[in-house]
Amino acid sequence: CVPTIRTKDCDAKMDGIKILFLSADTGGGHRASAESLANQFQILFPGSTYDLLDVISLDTCMPYNKIGAHYKHLSAHPRQWKLVYEVTNSRAVEIATDLHIKLACEPRIRSRIKSYNPDVVVSVHPMMNGVPAAACKKISLETGKHLPMFTVVTDLGSCHSLWFSSAVEKIFIASEQIRNLAINRGRIPEDKLIQSGLPIRHDFAVQAEKLGDRNSADGQAYQLNLRENLGIRNVDYRTVLVMGGGEGVGSLSAIVDALFIELSKKGIDATILVVCGRNEKLKKDLDERDWDVTVSESRLAKELPNCWAPPIVISPSSGCIDQSITNRLRRVLSSRTKLDAVASPLPAELSTDEDEEDDEVSVQQKDMIEQETAEYISSFGRVDVIGLGFVTNMAEYMAASDVLVTKAGPGTIAEAAAVGLPVMLTSFLPGQEEGNADFVIEKQFGALVPDYDPTAIADEVCDWLSNEGKLADMSRSASVAGVPLAAKDIARKIGQSTIRWRELNETEAVINV
């Protein structure tokens with residue numbers, strides 16, 4: 001398009017922005033943030049296009065270009081992750097890393113960025129700031145057109161020092177904690193920082209608006225309707241959403257078991273939704289799991305009241321309880337059926353004349369056991385467990401739930417806060433995600449209970465669900481901490497700045513001509 005002759009078609013074309021995101025597949029959060037921003041660019045500036053570029057893997061040298069390959073191993077081994085994170089998270093290492101990459105790789109990085117011919121470059125990864133910003137500056141000098149670059153920090157409560165480069169136009173941050181780190185550790189001028197919240201998918205803004213106050217009558221009615229639309233059978237049950245993130249199958253499975261047992265034991269009717277993602281093995285296991293056996297093998301079976309002890313099931317010779325009858329009692333408890341098993345006659349080899357003389361006492365004991373057992377079982381909660389595969393409508397599931405159980409990923413926490421959902425955190429990556437847990441606790445919409453104690457996790461969740469006032473307070477605190485429109489605000493600010501730069505570039509080009 002010629003700047004001085006603007007047709008209608010030319011205007012439509014000029015309204016769109018060409019965005020180049022610098023990201024990497026080291027966890028899903030970076031890509032998710034980039035895509036949430038891209039969606040908002042396309043809404044706010046029709047005709048916009050974008051690309052995602054992993055310039056570190058493509059155009060840097062060892063050891064940086066292997067970071068994606070090492071991520072899965074390190075994230076599965078927290079101690080190793082902690083060592084690497086703490087060793088590299090310093091101003092000295094930041095300077096040394098940038099210098100090494102700049103000397104060895106900057107020309108390749110510059111050539112790669114230039115080949116996309118973007119209007120703006122947006123980094124959503126800590127390792128793609130300092131050197132790419134220097135490359136953008138050189139591209140501006142080479143082309144005579146200013147190429148702006150912005151950083152969007154995708155961490156919530158703590159972050160690596162490599163995020164901070166004063167060479168970019170602006171740095172968008174999610175919290176006051178990140179602001180303090182940027183100023184004190186990164187030495188970033190205050191006027192370069194914009195506290196915007198963490199960019200999350202537009203679906204969460206939509207659900208936040210529809211849900212409103214989840215403690216209000218309208219909010220609760222919307223939740224019930226949403227659960228029905230999601231195919232949840234008992235819409236009036238409490239709903240607990242469990243997400244594993246990077247946790248192993250064993251850890252997540254144990255947490256689900258503990259939730260089932262404690263919710264049942266404490267009389268809370270509930271639906272447990274377990275997001276298995278692409279882990280088909282876990283979903284199949286949950287679908288086929290015999291929850292009666294799960295209960296019978298738990299410590300719940302060991303805490304039965306005295307009335308559950310079989311009255312005359314002691315071997316005359318050894319004095320031991322017959323295990324087959326004990327197991328029958330456990331199965332009865334877990335399945336909430338009548339205690340017909342208790343009335344089963346003793347094996348012939350255990351019958352004695354004394355037993356026959358005590359028939360009347362045995363009948364009385366049986367009646368007492370059946371009555372007390374019926375009362376005990378009636379207090380049990382009814383719990384459904386639903387294994388979900390790969391979920392594309394997570395915003396709806398979070399809006400429909402009462403509590404989220406998850407690891408301390410920043411994106412997941414920000415999404416939960418956007419819809420006022422209290423969060424039970426079960427693990428975090430040392431260093432990188434520790435501050436996320438602090439953020440949740442300080443904002444008073446959740447807690448951290450380590451995943452090596454699933455029963456403690458379940459106990460705390462049960463306490464929340466049993467206390468309406470506490471749950472409501474946590475929900476309100478989550479809503480205060482949430483910023484559902486963060487992606488929209490960031491995209492608008494970057495887009496408006498980019499358009500101004502583009503107009504200045506065009507004006508300069510006309511003047512030069």
Side-chain angles (χ1 to χ4, degrees), residues 1 3 6-23 29-53 55 113-114 116-125 128-129 132-133 135-137 139-140 143-154 163 165-174 178 188 191-206 208-209 411 414 418 483-509:
C1 298
R6 297 174 65 100
T7 66
K8 182 176 181 181
D9 290 337
C10 182
D11 284 342
K13 183 177 180 182
M14 293 300 289
D15 286 340
I17 300 171
K18 192 172 184 180
I19 311 108
L20 178 62
F21 289 102
L22 303 183
S23 184
H30 304 294
R31 179 179 290 271
S33 292
E35 290 179 345
S36 68
L37 288 169
N39 177 256
Q40 288 301 315
F41 276 115
Q42 292 173 332
I43 293 173
L44 295 170
F45 306 97
S48 293
T49 60
Y50 72 96
D51 291 285
L52 272 71
L53 172 62
V55 73
I113 293 174
K114 194 174 180 180
Y116 283 85
N117 190 30
D119 292 318
V120 62
V121 176
V122 180
S123 171
V124 291
H125 196 280
M128 302 185 190
N129 295 287
C136 288
K137 185 176 181 180
I139 292 172
S140 299
T143 62
K145 297 179 179 180
H146 181 72
L147 176 58
M149 177 174 170
F150 298 84
T151 295
V152 179
V153 179
T154 60
W163 273 113
S165 170
S166 58
V168 301
E169 307 275 327
K170 299 287 183 181
I171 301 176
F172 293 87
I173 56 175
I178 303 299
I188 302 298
D191 61 356
K192 278 190 178 284
L193 300 173
I194 300 177
Q195 188 165 326
S196 56
L198 201 71
I200 56 176
R201 287 166 287 187
H202 182 62
D203 292 350
F204 286 91
V206 173
E209 184 176 0
V483 189
L485 295 174
K488 183 177 182 179
D489 292 340
I490 295 170
R492 180 187 289 112
K493 287 183 172 67
I494 292 177
Q496 290 172 345
S497 178
T498 300
I499 289 174
R500 285 196 297 269
W501 275 116
R502 190 168 61 188
E503 291 173 347
L504 287 171
N505 289 336
E506 291 168 356
T507 301
E508 184 70 21

Are any of the side-chain heavy atoms of [X] and [Y] separated by less than 4.5 Å?
X      : Y      : value
Arg201 : Asn39  : no
Glu169 : Val120 : no
Ile113 : Leu147 : yes
Phe45  : Ile499 : yes
Pro132 : Val121 : no

Can you list everything that forms a salt bridge (charged side-chain N to carboxylate O under 4.0 Å, His left out) with [X]? Sequence neighbours excluded, please.
X      : value
Lys114 : Glu142
Asp489 : Arg492
Asp203 : none
Arg500 : none

Using 0.5 Å steps for rounding, measure from the [atom1] atom of [X] to the [atom2] atom of [Y].
X      : Y      : atom1 : atom2 : answer
Ser33  : His125 : OG    : NE2   : 11.5 Å
Thr151 : Leu193 : OG1   : CG    : 10.5 Å
Gln40  : Ile494 : CD    : CD1   : 12.0 Å
Glu506 : Lys145 : CD    : NZ    : 7.5 Å
Trp163 : Met128 : CH2   : CE    : 9.5 Å
Leu20  : Cys136 : CG    : SG    : 8.0 Å

Inset, instruction - For atom CD of Gln496, decide whether the heavy atoms of other residues, nucleotides or ligands shown that lie under 6.0 angstrom number more than 12. - result: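 Check passes, neighbour count above 12.
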Legend entry - Lys170, NZ: over 12 other non-hydrogen atoms inside 6.0 angstrom: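 Count over threshold, so yes.
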Restricting to side chain to side chain contact (heavy atoms under 4.5 Å, CB included), what partner residues turn up for [X], sequence neighbours left out?
X      : result
Val483 : Ala486
Asn117 : Lys18
Ala38  : Phe21, Tyr50

Legend entry - Partner residues of Gln195 under the side-chain hydrogen bond (donor to acceptor under 3.5 Å, both in side chains) criterion, sequence neighbours left out: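 By the side-chain hydrogen bond (donor to acceptor under 3.5 Å, both in side chains) rule, Gln195 matches Arg179.
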Legend entry - All side-chain hydrogen bond (donor to acceptor under 3.5 Å, both in side chains) counterparts of Thr154, not counting sequence neighbours: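 His30.
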Legend entry - With sequence neighbours excluded, residues passing ring-ring contact (aromatic ring centres under 6.0 Å, His included) with His146: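 His146: ring-ring contact (aromatic ring centres under 6.0 Å, His included) contacts with Trp501.
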Legend entry - Check against side chain to side chain contact (heavy atoms under 4.5 Å, CB included), Leu37 and Ile19: CA-CA 10 Å; Leu37 288 169; Ile19 311 108; over 6 Å; no
Which pair of non-hydrogen atoms, one from [X] and one from [Y], has the smallest distance, and what is that distance?
X      : Y      : value
Tyr116 : Leu53  : OH-CD1, 3.8 Å
Ile200 : Gly411 : CG2-O, 4.2 Å
Val168 : Ile171 : CG2-CG1, 3.6 Å
Ile17  : Gly495 : CD1-CA, 3.6 Å
Pro199 : Val152 : CG-CG1, 3.8 Å
Ser196 : Phe172 : OG-CB, 3.8 Å

Legend entry - Donor + acceptor pair across side chains of Asn129, Ser123 (<3.5 Å):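 A donor-acceptor contact under 3.5 Å links the two side chains.
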Inset, instruction - Check for a donor-acceptor pair, side chain of Ser166 on one end and backbone N or O of Ile188 on the other, with a separation under 3.5 Å. - result: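 Checked: no pair found.
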Inset, instruction - Answer yes or no: is there a donor N or O on one side and an acceptor on the other, between the side chain of Ser497 and the main chain of Lys493, under 3.5 Å? - result: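 The answer is no, because no donor-acceptor pair under 3.5 Å joins these two groups.
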